[in-house]
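Notes follow the structure.
Within every chain, numbering begins at 1; the chains are lettered A, B, ... in the order of the sequence lines, protein sequences first and strands thereafter. Computed over heavy atoms, backbone and side chain alike; hydrogens, waters and symmetry mates excluded.
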2 protein chains.
Amino acid sequence: MELQLQIKMNEKLFVRNPEQTELGRKIIQFSIQLIQENGFESFTFKKLAEEIGSTEAGIYRYFENKHRLLIYLTAWYWSWLEFRVTFHLNNISDPNIKLKKLIQLLAANVVDDDSTMYVNESLLHQIIIAEGSKAYLTKHVSEDNKDRLFKPYKDLCSLIAGIILEYNSNYTHPRSLASTIIEMAHLQVFFMHNLPSLTDFGESKNEQLVVEYIEDLVFCSIRNHTSRRD
Amino acid sequence: MELQLQIKMNEKLFVRNPEQTELGRKIIQFSIQLIQENGFESFTFKKLAEEIGSTEAGIYRYFENKHRLLIYLTAWYWSWLEFRVTFHLNNISDPNIKLKKLIQLLAANVVDDDSTMYVNESLLHQIIIAEGSKAYLTKHVSEDNKDRLFKPYKDLCSLIAGIILEYNSNYTHPRSLASTIIEMAHLQVFFMHNLPSLTDFGESKNEQLVVEYIEDLVFCSIRNHTSRRD
DNA sequence: TTTTAAATGATAGTATTACTATTTCATTTA
DNA sequence: TAAATGAAATAGTAATACTATCATTTAAAA
């Protein structure tokens, strides 16, 4: 059985839907490659066009600018991850196991899963770690948010918050804890590789240690939690 | 008594020390204002020069490029914050109180403290929240790190990690928890104001709720912690 | 099969950004 | 008073971030 995963993307994320044409798919494929290799700052539509064998103007027919393309990629990633999480958590009732699987899915390295041929999920995961927060750290977050560009991120966050409440319905900050889990799963991996003294994982470069740290943080917090204030 | 706080900055952060000349201090003062107002992306040396009444080339004599200026500002902020933390925690022995004061200093709004006339600490704090992570989220983190540009951040992290161990010497991830506290103190505030559904603080826009969340997270975690794994 | 529309490619052009080189002017020091 | 040093202005260049036009290819509809 070979299934093709199609993620329905918000229309406002693009000028023309890149999934529907050969050039569009190439834009996604090669932008992931280029951003991962050289970073978002040095990434330009000119370089991308050269890589693809198209023109700058050609790329602009699909995306308003490179920042919109980054938002598209992050939105795609969060949608894909939510699907993955839902899939892996299917039929599991124990919220304890759910949360552990979830943290694993967030912090562990991603293997390109061939569910889409033009998206390399492993590279995309690395982009999210290093560039993901630049999607919302702008002066126009609020407008972008009104256009629902961050909906996939918020949906994933809600999903996680729900599981936290399943585990302990008295927990007072399910959504903040959910966004903390997501962000820390990425940031601690980034720190481990690039600014290791900000972590306790030294030079081990082992994502599994990040998983353990976050599990520890999360479970200590929600296990011992009652609604009282101390 | 009127004291002038002078922070000794790493020489590699600048081309010429901005603290020592009138133009240099204006660069710091007005870059903080401009970045806070319009965001780091739209900030250029040209605009800054116009604001100051100098020229683009004049700014380049102080800073290699705008990213270096951002690193300078963040380094200054972390140094200032470490001083502030050390000052406020002086003579307190109870690590419980220390941690609470610390979280308060990190997440609560900053009031411009007039310790330096050309740095508006309140605006700078807002810059750190929205732009701070862009200082290290680059392809050249590792080289910048070798030049010790992030030392002030790492020093603050160490300081916090030390207090965590004072509280509970069995805690296994003091440094990761320290960087988590720092980052979340900022990110949850950013989310609260711009993507509120990622938090539990809704439209309250009250930094004190972020303080409570982080306190809760931290103390639950280090209070109940023994070195065993579950 | 023809018609028509959509998508692409090629070319050119503009405004802004990021940065450099050169010269001028002022100040210090010998 | 001359030489050396440093600050600032001027004038550039190369790259970036776009936009516009038009010819051509490709795909869908009649």
Out of [options], whichever nucleotide has its closest atom nearest the side chain of [X]:
X	options	result
A:Thr44	C:dT8, D:dT16, D:dA9	D:dT16
B:Ser54	D:dA9, C:dA18, C:dA10	D:dA9
A:Thr55	C:dA10, C:dA18, D:dA7	C:dA10
A:Glu56	D:dT21, D:dC18, D:dT10	D:dC18
B:Ala57	D:dT10, C:dT11, C:dT17	D:dT10
B:Arg16	D:dA7, C:dG9, D:dA17	D:dA7
A:Thr21	C:dG9, C:dA7, D:dT16	C:dA7
A:Tyr62	D:dT10, D:dT16, C:dA7	C:dA7

For B:Lys46, I'd like to know if atom NZ has over 12 heavy atoms of other residues, nucleotides or ligands within 6.0 Å.
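Incorrect, the count does not exceed 12.
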Give a yes or no on this: more than 12 heavy atoms of other residues, nucleotides or ligands lie within 6.0 Å of atom NZ of A:Lys139.
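More than 12 heavy atoms, drawn from other residues, nucleotides or ligands, come within 6.0 Å of this atom.
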Please report, rounded to the nearest Å, how far the [atom2] atom of [N] is from the [atom1] atom of [X].
X	N	atom1	atom2	answer
B:Lys66	C:dT16	NZ	C1'	12 Å
B:Asn65	D:dA15	CG	C1'	15 Å
B:Phe43	C:dT16	CZ	P	18 Å
A:Leu23	D:dA27	CG	P	13 Å
A:Ile59	C:dA10	CD1	P	13 Å
A:Glu50	C:dA10	CD	P	13 Å
B:Tyr60	D:dT13	OH	P	17 Å
B:Lys46	D:dT10	NZ	C1'	13 Å

Strand partner of D:dA9, provided both Watson-Crick or wobble distances fall under 3.5 Å:
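Its partner is C:dT22.
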If you apply the rule side-chain hydrogen bond (donor to acceptor under 3.5 Å, both in side chains), what do you find for A:Gln104 with A:Gln208, and how did you get there?
CA-CA 8 Å; A:Gln104 183 72 34; A:Gln208 218 44 47; 2.8 Å; yes
Is it true that the NZ or CZ of B:Arg68 lies under 6.0 Å from the centre of B:Phe63's six-membered ring and within 45 degrees of the ring axis?
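Because its charged atom misses either the 6.0 Å distance or the 45° angle limit, B:Arg68 does not stack over B:Phe63.
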Are A:Lys66 and A:Phe40 in a cation-pi setup, meaning NZ or CZ lies under 6.0 angstrom from the ring centre and within 45 degrees of the ring axis?
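Output yes; distance and angle both within limits.
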Looking at D:dA8, does its base get a donor-acceptor pair with the side chain of B:Arg61 below 3.5 Å?
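Present.
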